[in-house]
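One structure is given below, encoded as structure tokens.
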Amino acid sequence: MASSMRVLGPFTTTSVGLGCMGLSIEGKPDEQTGIETIHTALDAGCRQLDTAWAYYESGGPEQTNERLVRAALESWKGPREEVLVATKVGHYRNFTDGKPTWAVDGRPESLIRHAKESAQALGVDTIDLLYFHRPDPQVPYRESLEAMESLVQEGVARTLGVSNANREQIDMAREVMGGDLVAVQNQFSPTFTSSRDELEYVSDLGLAFVCWSPLGGFRKAKDETKYDLFRKVAEDRGVSYQSVVLAWELAKSEHVFVIPGAHRASTIVDSLTAARLELSPEELAVLG
Ligand SMILES: NC(=O)c1ccc[n+]([C@@H]2O[C@H](COP(=O)([O-])OP(=O)(O)OC[C@H]3O[C@@H](n4cnc5c(N)ncnc54)[C@H](OP(=O)(O)O)[C@@H]3O)[C@@H](O)[C@H]2O)c1
């Protein structure tokens, strides 16, 4: 049976984490449902929570998701020290033509200020894993990376990751961050496979590859036909197609992690079962 725990830098954590974004951005559930969703995930054994400085509604108070994660952990009766909390800096929310958008700010002084605010909102001295959320075209990537590295030297972060990074950027992060770089978080799902090369590259390096929107996301319509084969395997197995998708991603390498989102407890409980769903070589060959 597949193990639900994997090694991520200095941490041993669950291969399936909870992506907390949807609990605090547009379309979010009420706060009590958010806390219950996180509690239920933790009670079901989840030991990885993914948040970000920028997970709040455009125009609303900043960092609401980091504060929600903190509130959930503080009111949870289980072992807090077992839970890896990852956050990110480099994005903030804005409006374009009146619609909520995601803007980037990779200036060193902004990254340093936001990381300190993240630690404060999470109620920790040192963030377990801090990602640079997205490259800022207005700022040389190396300068953003150097600011992130300085945060480890200052004790604000224990380990670092980069997100939405291509191969060249991953190599630059390795140069600047050395052993402090432990994870790359990029989009990967049946409807977004162009990062397969990065997944393989990162895995070969022994770094964690964390798939964001591993089910294709909830914010935009997706090509549902890409899930047909997963639905077929799921029907044969008597499980949800979403758990088959997550198990297929986890089967790509022992360095892969998934952080499915949930707006309710039942979806993350189902997603967590993917860690123990072992697909056969025949099924994997069909799924590609
Ligand atoms: N680094 C980045 O730039 C970046 C960007 C985007 C997202 N992320 C991270 O990735 C996480 C996940 O992304 P996401 O929420 O956009 O997309 P996702 O995980 O691909 O999809 C979430 C959607 O799938 C549904 N779902 C999840 N598990 C399910 C299950 N077992 N059965 C049925 N439905 C299920 C949820 O349903 P319900 O709504 O019914 O609960 C939700 O609508 C985010 O929370 C965030 O932490 C990172």
Side-chain angles (χ1 to χ4, degrees), residues 16-30 33-34 36-38 40-41 44 46 48-56 64-66 68-69 84-93 100-104 106 129-136 160-166 169 183-193 195 198 208-224 226-227 230-231 234 237 239-250 256-277:
V16 182
L18 172 61
C20 297
M21 177 182 74
L23 298 175
S24 302
I25 67 162
E26 292 74 12
K28 67 183 169 58
D30 61 75
T33 305
E36 273 166 26
T37 303
I38 298 173
T40 307
C46 177
Q48 185 178 172
L49 300 178
D50 186 83
T51 179
W53 191 97
Y55 290 167
Y56 59 94
T64 50
N65 195 243
E66 290 179 329
L68 184 80
V69 166
L84 164 60
V85 179
T87 192
K88 318 179 194 77
V89 287
H91 256 311
Y92 65 97
R93 303 303 310 277
T101 46
W102 300 81
V104 286
L129 167 56
L130 179 68
Y131 291 96
F132 177 36
H133 208 149
R134 189 179 289 274
D136 179 346
L160 298 172
V162 287
S163 185
N164 302 298
N166 63 27
Q169 290 161 338
V184 173
Q185 184 180 128
N186 279 1
Q187 185 174 13
F188 185 76
S189 71
T191 40
F192 192 96
T193 52
S195 53
E198 290 135 28
F209 185 91
V210 180
C211 306
W212 69 254
S213 291
L215 295 167
F218 67 90
R219 293 172 292 167
K220 290 186 195 140
K222 48 187 185 263
D223 179 0
E224 287 292 337
K226 301 275 190 210
Y227 296 86
F230 296 89
R231 288 195 176 92
R237 291 285 199 122
V239 296
S240 70
Y241 84 84
Q242 289 89 349
S243 67
V244 175
V245 169
L246 298 171
W248 166 78
E249 288 159 355
L250 292 173
V256 169
F257 293 79
V258 293
I259 46 167
H263 290 94
R264 65 201 90 241
S266 55
T267 41
I268 185 61
V269 168
D270 180 65
S271 292
L272 286 165
T273 64
R276 295 195 174 278
L277 178 62

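Counting starts at 1 for both ligands and their atoms, in listed order.
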request  = Assign the ring pair Tyr56 / Trp53 to parallel, tilted or perpendicular, where the plane angle (0 to 90°) is split at 30° and 60°.
outcome  = perpendicular
inquiry  = Show the nearest heavy-atom pair for residues Thr33 and His263, with the distance to one decimal.
reply    = CG2-O, 3.8 Å
query = Which pair of non-hydrogen atoms, one from Ala41 and one from Leu272, has the smallest distance, and what is that distance?
reply = O-CD1, 3.7 Å
message = Within the structure provided, determine whether Lys226 and Thr193 are in side-chain contact (heavy-atom separation under 4.5 Å).
response = no
ask   = Roughly how far, to the nearest 0.5 Å, is SG of Cys211 from CG of Leu250?
value = 7.5 Å
ask   = ligand 1: which residues have a non-hydrogen atom closer than 4.0 Å?
value = Gly19, Cys20, Met21, Asp50, Tyr55, Lys88, His133, Arg134, Ser163, Asn164, Gln185, Trp212, Ser213, Pro214, Leu215, Gly216, Gly217, Phe218, Arg219, Gln242, Ile259, Pro260, Gly261, Ala262, His263, Arg264, Thr267, Asp270, Ser271
message = Is it the case that the side chains of Ser195 and Asn186 hold a donor-acceptor pair, with the cut-off being a distance below 3.5 Å and no angle test?
response = no
